[in-house]
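Data first, discussion second: the structure below is written as structure tokens.
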There are 2 protein chains.
Amino acid sequence: MDTGTVNTREQGEQVDRQSRILEAALELLSRHGISGVSMRAVAREAGVALGLVNYYYEDKSSLIRAALHSVDKHDLALVAQDPGLSPEEQLRNALRRVAGPELLTTRYLSLRLHLWALARADEDFALINAAAFDRYLDGLAALIGNARPELSAKECRERAADIVVVQNGMWLTALLGVDKESIRRSIARTEEIAFAA
Amino acid sequence: MDTGTVNTREQGEQVDRQSRILEAALELLSRHGISGVSMRAVAREAGVALGLVNYYYEDKSSLIRAALHSVDKHDLALVAQDPGLSPEEQLRNALRRVAGPELLTTRYLSLRLHLWALARADEDFALINAAAFDRYLDGLAALIGNARPELSAKECRERAADIVVVQNGMWLTALLGVDKESIRRSIARTEEIAFAA
DNA sequence: GTGCAAGTTGAACGAGTGTTCAATAGGAAA
DNA sequence: TTTCCTATTGAACACTCGTTCAACTTGCAC
């Protein structure tokens, strides 16, 4: 592949089929859970023949693993540092982002939930997930450390852990349809934890 | 069935087969997720012939529904009132129970997670789950109301919602192996919310 | 043009799925 | 004993699953 040449059939949304297959898998996983993700269903959703799914992803578990990595990468970006802002603003933005409109969609939350459930059932996925969780915790602790330089690394990590508990609760509870006001108050609670004196 | 007569084969743990089938389904669901729960696997785990599973549960989804109800009943008991204690103690006990050794086991948490994921994939399960969630919220709000009679029903409900966010977060994060100290601090946080002036 | 490699297709295979059902066992009632 | 209903079994059915593979198309290098 990537010989540097341009695909001739690149009209409209017909980008490369591999991404469309991955996207289809994410969509099906979010909507119907793992039991809705069959190779045939993925092929159908992506508008592609069955064989092509196994061409780009040798296994079904390779496909799911790719989906997991894709979501993990997305999660990690939430706590990435942004040099254009003050440390306090970076932290506050990161904390508010988790209740932003891009995150608090059914599609994303449902996807996250199904991936967590998957990680409980498969040890390989569990390891990937745990590593991503650790990196997220590190990222959040770093943001806290920048905004509150007087805190020790251990204290930052503790606050990050406490915040993640509330954030995970928000994600999960949002799926059950808890009212928006409770989400707002929970966001405020994460800020209290982060900025506490 | 229940003619009032005693089963002759009631030696040891050989109680009625229907409960053993349900128990097997719960065990498999907790360990391997929904894709590990096949009628055959349930029969094997329960030490029973395949046909018997469909004899007691006409459908696979009836079986899963029974599992859901069983867990929901268990959850609701967490916020049941206990006339032998003062309202404050009842509330405090309920809040601490969610981090108790019976609850914070991998088996229970994993089961809960898989049921949540299942509810996202199947609308019937979602309705059952949402109803159970509401009853749990009501129970918790009632405990708060008893302990803090000066609060309005609306305020109780709000506090209950905020507490549930943290509790759900604890459950979920406990599965990812967050340290026990963070769980302890989160419990304290739920108590702060409940008893705040 | 010919050659070649990557991309793409769908049929085929064996394994596993949920469900049905005729057959059997067991114990209480007659 | 015979009768009858419940409990229990496992074979059988039609179906879906993940995976493999031979065939075919496409586009670039020569």
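Here is the naming used below: chain letters follow the sequence lines, and residue numbers restart at 1 for every chain. Note that this is a predicted model, so its numbers are computed, not measured. The analysis underlying the following values was restricted to heavy atoms, covering all of them including side chains, and did not include hydrogens, waters or symmetry mates.
Within residues 34-51 of chain A, the residues having any heavy atom under 4.0 Å from DNA chain D are, by residue number, A:Val37, A:Ser38, A:Met39, A:Arg40, A:Leu50.
Which of C:dT9, D:dT19, C:dG7 sits closest to the side chain of A:Asn54 comes down to D:dT19. Looking at the side chain of B:Lys60, the nearest of the listed nucleotides D:dT19, C:dT8, C:dG18 is C:dG18.
Atom CG in B:Leu52 sits roughly 13 Å away from atom C1' in C:dA25 (whole-Å rounding). In this entry the distance linking CD1 of B:Ile64 with C1' of C:dG18 reads 12 Å, nearest Å. If you take CD1 of A:Ile21 and P of D:dG18, they are 14 Å apart, rounded to a whole angstrom. What separates CD of B:Gln18 from C1' of D:dT8 is a distance of 14 Å, to the nearest Å.
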Donor-acceptor contacts, no H, no angles, side chain residues 125-144 of chain A, under 3.5 Å, sequence neighbours left out:
residue  : atom : partner  : partner atom : Å
A:Asp134 : OD1  : A:Arg157 : NH2          : 3.1
A:Tyr136 : OH   : A:Gln167 : OE1          : 2.8
A:Asp138 : OD1  : A:Arg157 : NH1          : 2.2

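Annotation: cation-pi pair A:Arg112/A:Trp116 present, NZ/CZ under 6.0 Å from the ring centroid and within 45° of its normal. Taking the ring centre of B:Phe195 as origin, the terminal cationic atom of B:Arg92 falls inside the region bounded by 6.0 Å and 45° from the ring axis.
Of the side-chain N and O atoms in B:Arg17, one or more sit less than 4.0 angstrom from OP1 or OP2 of D:dT9.
If you check the side chains of A:Asn146 and A:Gln81, you find a donor sitting under 3.5 Å from an acceptor.
Here A:Arg189 pairs with B:Asp162 under the salt bridge (Lys or Arg N to Asp or Glu O under 4.0 Å) rule; sequence neighbours left out.
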Check step by step if side chain to side chain contact (heavy atoms under 4.5 Å, CB included) holds for B:Ser70 and B:Leu26.
-> CA-CA 9 Å; B:Ser70 140; B:Leu26 289 166; 3.7 Å; yes
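DNA chain D is contacted by both B:Tyr55 and A:Tyr57; B:Tyr55 maps to the nucleotide lying nearer its 5′ end (nearest heavy atom per residue).
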